[in-house]
Amino acid sequence: MVPDSTLTITPRTVLVTGGNRGIGLAVAERLAADGHRVAVTHRGSGAPDGLFGVQCDVTDPDSVDAAFTAVEAEFGPVEVVVSNAGITDDTLLMRMKDEQFTRVVEANLSGAFRVAKRASRGMLRARFGRLIFIGSVVAHSGTAGQVNYASSKAGLIGMARSLTRELGSRNITANVVAPGFIDTDMTAGLDEKTQALAVAAIPLGRKGSADDVAGAVSFLAGDDAGYISGAVLPVDGGMGMGH
Ligand code: NDP
């Protein structure tokens with residue numbers, strides 16, 4: 001029998017960190033359009049129109065706990081987490097201060113750890129969970145000037161794969177979506193020459209959009225991705241091929 005080609009999406013409670021702008025906002029809007037109950041974190045800018053917002057700084061464990069508690073009170077246990085909050089602080093190794101390295105790892109990697117740990121409580125009880133980490137193409141390729149950032153994003157792969165081994169038997173999956181060069185505030189600040197060089201290295205010949213990333217996250221949050229875990233899904237126009 002030919003299966004029905006319609007995608008199945010069971011509505012879930014979702015939390016997207018850093019969902020007030022950029023990739024996080026596009027992801028949140030897409031997941032809401034898919035029919036999920038979506039909450040986003042922000043750091044004081046307020047919730048975007050039509051989305052439930054909670055204030056949260058992922059570098060602060062109490063703030064992460066309070067955000068989850070607020071979402072649980074509104075929607076019930078969080079079933080899908082999109083760990084998207086992240087920062088850059090680029091400079092060459094010789095100029096990079098300890099504090100610059102630590103600050104980026106603290107937000108991008110330790111923050112993701114805190115969020116996953118808090119999320120796992122409800123997921124273990126429910127015997128269902130989807131942990132989706134927003135990594136980066138540079139986790140594999142590295143970039144000059146991003147020792148801190150690339151290290152933090154590479155760490156997310158080890159995290160997702162360890163979580164897959166720890167939590168997989170409880171029907172909790174953990175995957176990384178690895179964007180390439182995406183048009184957001186994060187890349188808007190790069191000078192024209194750097195932007196042109198980056199685009200020249202992309203086989204598809206263009207920057208990605210936040211919506212390109214949102215499509216991949218939508219798939220991983222949906223029913224059809226239930227047997228995918230520990231994967232790194234590139235959304236990079238071919239930029240990272242071979243790594
Ligand atoms: P933006 O700079 O546009 O947005 C970053 C988001 O993260 C904001 O919502 C910001 O909140 C939030 N954030 C930063 N630090 C914290 C923190 N300590 N606690 C809570 N929230 C925080 O970036 P993008 O949308 O481009 O990036 C989103 C994710 O995608 C990041 O993890 C980034 O590394 C990754 N990525 C981006 C790529 C790109 O080309 N743009 C490529 C590959 C990966 P606030 O508004 O308060 O600052």
Side-chain angles (χ1 to χ4, degrees), residues 15-30 39-48 51 53-68 71 81-90 100 102-116 118 131-143 146 148-157 159-160 176-190 194-195 197-199 201-202 204 206-214 216-217 232-237 239-240 243:
L15 177 61
V16 183
T17 66
N20 55 310
R21 61 190 172 101
I23 291 172
L25 177 58
V27 165
E29 286 175 338
R30 171 62 192 263
V40 299
T41 75
H42 62 84
R43 288 191 295 180
S45 63
L51 292 167
V54 285
Q55 195 158 343
C56 174
D57 186 328
V58 297
T59 64
D60 173 0
D62 292 338
S63 170
V64 170
D65 184 46
F68 271 85
V71 176
V81 163
V82 184
S83 194
N84 161 82
I87 56 168
T88 52
D89 192 352
D90 300 353
Q100 278 174 292
T102 313
R103 194 170 78 86
V104 170
V105 171
E106 182 55 28
N108 298 4
L109 185 59
S110 309
F113 157 75
R114 284 180 199 106
V115 167
R118 178 59 177 82
L131 297 164
I132 302 167
F133 300 96
I134 306 299
S136 169
V137 65
V138 305
H140 286 116
S141 65
T143 327
Q146 290 199 311
N148 48 4
Y149 182 76
S151 302
S152 71
K153 294 300 185 179
L156 291 177
I157 299 172
M159 188 178 294
V176 174
V177 170
F181 194 75
I182 309 297
D183 204 2
T184 66
D185 295 345
M186 189 174 269
T187 48
L190 298 170
T194 310
Q195 298 219 22
L197 280 173
V199 172
I202 302 170
L204 265 59
R206 65 167 176 91
K207 295 178 203 173
S209 69
D211 288 335
D212 288 325
V213 182
V217 174
V232 179
L233 177 53
V235 185
D236 64 2
M239 193 181 189
H243 290 289

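All values reported here derive from a predicted model rather than from experimental measurement. Both counts, for ligands and for their atoms, begin at 1 and track the order of listing.
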Closest contact, heavy atoms only, [X] versus [Y]:
X: L156; Y: A112; value: CD2-CB, 3.5 Å
X: T187; Y: I182; value: OG1-O, 2.6 Å
X: A67; Y: V54; value: CB-CG2, 3.9 Å
X: T59; Y: R114; value: CA-NH1, 3.3 Å
X: A210; Y: G22; value: CB-O, 3.9 Å
X: T41; Y: G18; value: OG1-N, 2.8 Å

Close approach, [X] and ligand 1, non-hydrogen under 4.0 angstrom:
X: I134; answer: yes
X: G180; answer: yes
X: G111; answer: no
X: A178; answer: no

Counting only heavy atoms, tell me which of [options] gets closest to [atom].
atom: atom 9 (O) of ligand 1; options: N20, D236, T187; value: N20
atom: atom 46 (O) of ligand 1; options: E106, R43, K153, R21; value: R21
atom: atom 44 (C) of ligand 1; options: G135, S63, S152; value: G135

If we count only N and O atoms by modelled type, under 3.5 Å, do the side chains of [X] and [Y] hold a donor and an acceptor together?
X: D211; Y: S209; value: no
X: S45; Y: N20; value: yes
X: K207; Y: Q195; value: yes

Polar proximity ligand 1 side, [X] side, N/O cut 3.5 Å exclusive:
X: I23; value: yes
X: V58; value: yes
X: F181; value: no

Can you tell me the protein heavy atom closest to [atom] and the distance?
atom: atom 21 (N) of ligand 1; answer: A85 CB, 3.4 Å
atom: atom 31 (C) of ligand 1; answer: N84 O, 3.1 Å
atom: atom 34 (O) of ligand 1; answer: Y149 OH, 2.5 Å
atom: atom 5 (C) of ligand 1; answer: G86 O, 3.6 Å
atom: atom 26 (O) of ligand 1; answer: T184 OG1, 2.5 Å
atom: atom 40 (O) of ligand 1; answer: I182 N, 2.8 Å
atom: atom 18 (N) of ligand 1; answer: D57 OD1, 2.9 Å
atom: atom 12 (C) of ligand 1; answer: G18 CA, 3.9 Å

Under 4.0 Å to a heavy atom of [X] - the qualifying atoms of ligand 1, by number:
X: S136; answer: 43 (C), 44 (C)
X: I87; answer: 14 (C), 15 (N)
X: C56; answer: 19 (N), 20 (C)
X: T59; answer: 18 (N)

For the residue pair F68 and L15, establish whether any side-chain heavy-atom pair is separated by less than 4.5 Å. yes

So, do V176 and L233 sit near enough that their side-chain heavy atoms are less than 4.5 Å apart?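 No. Closest side-chain heavy atoms not under 4.5 Å.
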
For the pair D183 and R206, find out whether any cationic side-chain nitrogen is under 4.0 Å from an anionic carboxylate oxygen. no

Salt bridge present between D89 and R103 (N-O < 4.0 angstrom):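 Salt bridge flag = yes for R103 with D89.
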
